[in-house]
Amino acid sequence: MSKMTGSQALIESLIAEGVKDIFGYPGGQIMPVFDALYDYKDRIKNVLVRHEQGAVHAAQGFARVTGKPGVVLVTSGPGATNVLTGVADAMIDSTPLVVITGQVPSQLLGTDAFQETDVVGVTLPISKWSYQIRKPEDIAWAVARAFYIAKSGRPGPVVLDFTKNAQIGSVDFDYKKCDYIRSYTPYPSIDNNALAKAAELINGAKKPMILFGQGIQLSHAEEQLKEMVEKTGIPAVCTLLGLSSLPSDMPLFKGMVGMHGNLGPNKKTNESDVIIAIGMRFDDRVTSDTSTYATQAKIIHVDIDPSEIGKNIPAEVGVLGDAKAVIERLIPLLENKEHKRWADEFDELNAIEHKKVIIPETKPEEGYLNMGEVVAAVSAACGDNAIVVTDVGQNQMMGARYSKYKSTRSLITSGGLGTMGYGLPAAIGAKLGAPERTVCFFTGDGGIQMTIQELGTIMQEKLGVKIIILNNSWLGMVRQWQELFFDERYSHTAMLNPDFVKLASAYGIKGKLVKSRQDLSDAISEMLADDEPYVMEVDVVEKGMVFPMIPGGKPISKMMLTTTEWY
């Protein structure tokens with residue numbers, strides 16, 4: 001034990017958990033902690049963001065590429081409320097975070113003191129655990145518990161509200177990591193009977209399909225999934241957040257399901273006789289109309305969260321457990337098989353999509369670049385090995401669909417909450433978490449302006465993030481819906497934008513505007529020539545569309561390939 005202030009105890013606790021980077025913004029009620037950080041410059045670094053929302057999204061990007069909890073440090077009141085969007089985003093996307101907010105002294109709680117907010121009350125519904133530290137003696141215990149909860153089982157955000165008196169009080173510091181909490185069972189026991197039933201269904205299936213989500217990455221089950229796919233010969237498809245868990249060029253990987261997923265995976269979902277769903281939650285963007293979703297199939301649902309099994313889609317067999325552990329125990333029970341004809345049917349449908357949809361190989365009218373073309377060119381120039389970060393909207397779907405992936409944890413995007421403004425700070429966190437990798441951030445002219453101030457963080461930290469702005473002068477995804485479903489009544493979606501290259505220059509960041517196809521390749525080469533930050537703004541087709549598309553409420557087997565053609 002050693003005597004120290006509560007602020008020092010917090011920092012020592014973070015160091016004990018292996019934290020080297022935090023994302024924060026100082027203020028009155030967290031100032032003692034920032035003051036203490038002054039003496040820890042060589043052991044822990046605070047990345048000074050330009051807005052608290054930037055801090056939490058950067059921590060998310062860091063967590064998604066490293067698998068470690070991202071740490072956020074902000075002040076009370078507006079500082080705390082500014083991180084709420086990121087906390088909610090992390091909760092629905094199962095991203096481990098430890099968010100530390102300053103708070104007024106304990107004696108002022110409930111008095112409406114300056115910059116007082118009920119942080120625990122506000123964050124309880126959108127976090128795994130929320131706790132207020134009122135005494136310095138509770139700091140080490142609370143931090144250890146926070147990290148254990150954030151990273152164990154189904155990961156998620158934890159919020160620690162840190163009163164000022166606890167920060168400045170003294171404590172005999174003694175840190176013990178947490179590895180057990182009574183009544184909390186992050187890794188449930190796997191039922192052997194459920195495994196046996198699942199294996200029986202899989203071995204007897206004629207048209208099986210593996211549908212995996214981000215749970216594969218969260219449980220580090222990529223190699224186990226690959227072994228299962230190769231042994232059984234079962235075609236595998238994924239959710240948006242499952243992308244990059246398997247290499248894009250793996251023959252039995254057939255693409256993405258969902259509203260803007262691939263034709264083969266969506267159509268074949270409603271023809272499969274057995275669907276093995278692993279680490280995914282049957283989100284509405286995957287299922288669309290649940291009454292028509294895979295009614296012919298027996299569902300095997302593998303998930304670590306008992307609340308997900310049967311929540312949206314009834315399961316014939318529910319297997320509760322960590323994905324890696326479940327697959328490891330399931331593989332010996334599975335027969336070596338081939339489903340070549342069935343797997344080929346996915347490819348036949350994907351070929352139809354390839355032919356009908358405007359894709360990189362098809363030049364758009366009038367020579368204008370389209371988003372998918374740009375994304376594919378950047379991906380190829382990076383050897384299909386970049387970390388791809390997207391914002392939300394058309395750029396998100398194009399960035400995810402037309403990038404290819406060789407390594408896991410290579411797509412960082414806001415899935416469940418769909419947070420515009422997520423991408424730029426998330427790219428900052430991704431680059432700090434994996435500095436040796438190229439980080440390419442695809443964004444639209446709308447999303448970039450929601451957190452564009454984080455260019456200042458990139459400037460200050462000298463982070464080599466590659467920013468590709470796909471500029472169509474519209475809020476593209478909303479405009480697409482207005483065109484298709486609101487009689488082309490384009491209400492408040494046209495954008496008058498600044499000169500993004502000049503704006504980047506003001507932050508000391510190099511950039512170029514690309515208007516023509518013949519300039520694209522050279523611009524990408526210039527962007528990737530070194531590890532300096534770069535903004536490449538690309539003028540793309542104004543009213544481009546993201547197809548295929550399943551309109552909301554339609555069966556997943558009913559997909560739009562163009563504005564007039566359904567399949």
Side-chain angles (χ1 to χ4, degrees), residues 206-211 234-240 242-243 248 251-273 275 277 282-297 313 339-365 370-373 375-376 393-394 396-404 476-477 479-488 541 543-567:
K206 302 298 182 186
K207 295 183 176 182
M209 184 178 81
I210 294 172
L211 170 54
I234 297 175
V237 303
C238 71
T239 65
L240 173 66
L243 282 169
S248 300
L252 281 169
F253 175 64
K254 303 302 181 182
M256 183 176 74
V257 297
M259 178 175 283
H260 292 289
N262 296 110
L263 186 61
N266 278 323
K267 297 284 285 188
K268 291 302 172 182
T269 295
N270 276 10
E271 296 179 26
S272 301
D273 57 356
I275 295 175
F282 289 108
D283 170 73
D284 62 286
R285 288 296 171 109
V286 168
T287 65
S288 193
D289 179 11
T290 55
S291 69
T292 62
Y293 180 83
T295 56
Q296 79 297 329
I313 299 295
H339 295 278
K340 187 175 186 313
R341 178 61 206 143
W342 167 240
D344 287 346
E345 291 177 17
F346 286 76
D347 297 333
E348 290 164 8
L349 285 168
N350 285 341
I352 293 172
E353 173 191 329
H354 188 86
K355 181 178 179 181
K356 294 287 185 180
V357 178
I358 294 179
I359 53 173
E361 289 76 16
T362 303
K363 305 308 181 186
E365 294 178 5
N370 65 64
M371 290 187 184
E373 179 179 9
V375 172
Q394 289 184 321
Q396 178 184 38
M397 293 298 101
M398 291 296 198
R401 283 174 53 88
Y402 291 118
S403 294
K404 294 187 183 301
M477 191 62 86
R479 186 214 57 76
Q480 177 167 334
W481 279 65
Q482 288 172 336
E483 178 174 336
L484 294 174
F485 311 119
F486 290 87
D487 299 322
E488 299 184 19
V541 177
K543 293 186 178 180
M545 308 288 271
V546 182
F547 288 125
M549 178 182 185
I550 305 168
K554 295 290 185 182
I556 60 165
S557 56
K558 191 76 171 173
M559 298 194 73
M560 298 180 71
L561 294 182
T562 69
T563 54
T564 59
E565 188 172 2
W566 295 69
Y567 193 94

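Owing to the predicted nature of the structure, the values given are computational and were not obtained by experimental measurement.
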Below 4.5 Å, heavy atoms only, C-beta onward: do [X] and [Y] meet side chain to side chain?
{"X": "Leu243", "Y": "Phe253", "value": "yes"}
{"X": "Met549", "Y": "Leu484", "value": "yes"}
{"X": "Arg479", "Y": "Gln394", "value": "yes"}
{"X": "Lys206", "Y": "Trp342", "value": "no"}
{"X": "Pro208", "Y": "Ile275", "value": "no"}
{"X": "Ile313", "Y": "Thr287", "value": "yes"}
{"X": "Met545", "Y": "Glu483", "value": "yes"}

Return the [atom1] to [atom2] distance between [X] and [Y], rounded to the nearest 0.5 Å.
{"X": "Glu271", "Y": "Lys268", "atom1": "CD", "atom2": "NZ", "answer": "3.5 Å"}
{"X": "Met256", "Y": "Thr239", "atom1": "CE", "atom2": "OG1", "answer": "9.0 Å"}
{"X": "Met559", "Y": "Met259", "atom1": "CE", "atom2": "CE", "answer": "10.0 Å"}
{"X": "Ile352", "Y": "His354", "atom1": "CD1", "atom2": "NE2", "answer": "12.5 Å"}
{"X": "Ile210", "Y": "Cys238", "atom1": "CD1", "atom2": "SG", "answer": "12.0 Å"}

Quick one: does [X]'s side chain have a donor or acceptor within less than 3.5 Å of a partner on [Y]'s backbone?
{"X": "His260", "Y": "Phe547", "answer": "no"}
{"X": "Lys404", "Y": "Arg401", "answer": "no"}
{"X": "Asn266", "Y": "Ile556", "answer": "no"}
{"X": "Glu353", "Y": "Leu561", "answer": "no"}
{"X": "Lys254", "Y": "Ala236", "answer": "no"}
{"X": "Asn270", "Y": "Thr292", "answer": "yes"}
{"X": "Asn262", "Y": "Pro265", "answer": "no"}

With side-chain contact (heavy atoms from CB on, under 4.5 Å) as the test, would you mind laying out the steps for Met397 and Leu240 before giving the verdict? CA-CA 9 Å; Met397 293 298 101; Leu240 173 66; 4.0 Å; yes

Can you see which heavy atom on [X] is nearest to which on [Y], and at what distance?
{"X": "Ser288", "Y": "Gly552", "result": "OG-C, 4.5 Å"}
{"X": "Pro235", "Y": "Phe346", "result": "CG-CE1, 3.5 Å"}
{"X": "Gly372", "Y": "Tyr402", "result": "CA-CD1, 3.3 Å"}
{"X": "Ala297", "Y": "Ser272", "result": "CB-O, 3.2 Å"}
{"X": "Leu349", "Y": "Gly264", "result": "CB-CA, 3.7 Å"}
{"X": "Val375", "Y": "Ser403", "result": "CG1-OG, 3.4 Å"}

Looking at [Y] and [X], is any side-chain nitrogen of the basic one under 4.0 Å from a carboxylate oxygen of the acidic one?
{"X": "Glu348", "Y": "Arg341", "value": "yes"}
{"X": "Lys543", "Y": "Glu488", "value": "no"}
{"X": "Lys554", "Y": "Asp289", "value": "no"}
{"X": "Lys356", "Y": "Glu565", "value": "yes"}

Derivation and outcome, side-chain contact (heavy atoms from CB on, under 4.5 Å), residues Phe282 and Thr290: CA-CA 9 Å; Phe282 289 108; Thr290 55; over 6 Å; no

Phe486 atom CZ, over 12 foreign heavy atoms within 6.0 Å: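 No, CZ of Phe486 has 12 or fewer neighbouring heavy atoms, counting only those of other groups under 6.0 Å.
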
